[in-house]
Amino acid sequence: MDADVPLEWNTEECRTYTPADIDREMQYRTYRHESGDLRLKVAPASLDGEDHPGYALTATTYPGLDLSETIRVRTVLTFNRCDRIATQFMDLFSASYDGPGSLEDALEYAHQRTREHR
């Protein structure tokens with residue numbers, strides 16, 4: 001499965017499940033940058049307490065540390081679409097990331113190019 005993600009990224013968790021209150025199968029996937037400084041999550045938007053259908057892509061800086069922050073990158077209707085956006089985000093982030101000092105700049109660069117245009 002890691003063959004589908006950019007070289008600098010690893011699939012951290014991948015799960016398919018059926019919630020008790022609906023019949024549709026749901027998916028959840030997280031990716032971690034090789035530096036350990038950024039984690040992406042593709043998961044049902046409802047997991048974050050939202051009453052929104054579809055899937056949300058979120059990015060967490062410095063996961064597991066007290067100073068970690070999570071931003072919502074985008075919400076779309078299907079898992080496959082959200083996962084494609086995650087792959088695009090990973091490519092963009094990796095192209096501009098040059099170590100911990102550039103994390104915020106690389107995150108902003110990838111976020112700006114994958115967010116929903118209104």
Enquirer: Write down the atom of Tyr55, the atom of Glu25, and the distance for their closest heavy-atom approach.
Expert: OH-O, 4.3 Å

Enquirer: Return the CD to OG distance between Glu108 and Ser102, rounded to the nearest 0.5 Å.
Expert: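 Glu108 CD to Ser102 OG: 13.0 Å, rounded to 0.5 Å.
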
Enquirer: To the nearest 0.5 Å, what is the distance between CE (Met26) and CZ (Arg15)?
Expert: 11.0 Å

Enquirer: Which heavy-atom pair separates Ala45 from Thr75 by the least distance, and what is that distance?
Expert: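 So the minimum-distance heavy-atom pair works out to CB-CG2, 4.2 Å.
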
Enquirer: Ile71 and Tyr62: same hydrophobic cluster, using ILVMFWY side-chain contacts below 4.5 Å?
Expert: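 Ile71 and Tyr62: one cluster.
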
Enquirer: Can you tell me how far apart CD (Glu34) and CG (Asn10) are? Round to the nearest 0.5 Å.
Expert: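 Glu34 CD to Asn10 CG: 7.5 Å, rounded to 0.5 Å.
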
Enquirer: Phe93 and side chain to side chain contact (heavy atoms under 4.5 Å, CB included): which single residue from Thr114, Leu40, Leu103 fits?
Expert: Leu103

Enquirer: Checking one residue: Leu7. Which other hydrophobic residues are in its cluster under the side-chain 4.5 Å linking rule?
Expert: none

Enquirer: Give every residue pair that meets the side chain to side chain donor-acceptor pair (under 3.5 Å) criterion with at least one member in residues 76-85, sequence neighbours excluded.
Expert: Arg29-Asp83, Tyr31-Asp83

Enquirer: Establish, from distance only, whether the side-chain atoms of Tyr97 and Asp37 form a donor-acceptor pair under 3.5 Å.
Expert: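 Looking only at side-chain atoms, Asp37 and Tyr97 do form a donor-acceptor pair, the distance falling under 3.5 Å.
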
Enquirer: Got a sec, which residues hit side-chain contact (heavy atoms from CB on, under 4.5 Å) with Arg39, two or more places apart in sequence or on another chain?
Expert: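 Result, side-chain contact (heavy atoms from CB on, under 4.5 Å) vs Arg39: Glu12, Thr30, Arg32, Thr60, Pro63.
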
Enquirer: Is there a continuous path of hydrophobic side-chain contacts, each under 4.5 Å between heavy atoms, that joins Ile85 to Tyr109?
Expert: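 Ile85 and Tyr109: separate clusters.
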
Enquirer: May I ask you to test the Phe79-Thr16 pair for a side-chain heavy-atom distance under 4.5 Å?
Expert: no

Enquirer: Is there a chain of hydrophobic side chains (I, L, V, M, F, W, Y, each step under 4.5 Å between heavy atoms) that links Leu92 to Met90?
Expert: no

Enquirer: Examine distances only and state if a side-chain atom of Ser94 and a backbone atom of Asp91 form a donor-acceptor pair shorter than 3.5 Å.
Expert: no

Enquirer: Are the side chains of Gln27 and Cys14 in touch, meaning some heavy atoms are under 4.5 Å apart?
Expert: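 Heavy-atom side-chain distance check fails, nothing below 4.5 Å.
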
Enquirer: Do the side chains of Phe89 and Val42 get nearer than 4.5 Å, heavy atoms only?
Expert: no

Enquirer: Within the supplied structure, the quantity of interest is the number of heavy atoms (other residues, nucleotides, ligands) at a distance under 6.0 Å from Glu69 CD; does it exceed 12?
Expert: no

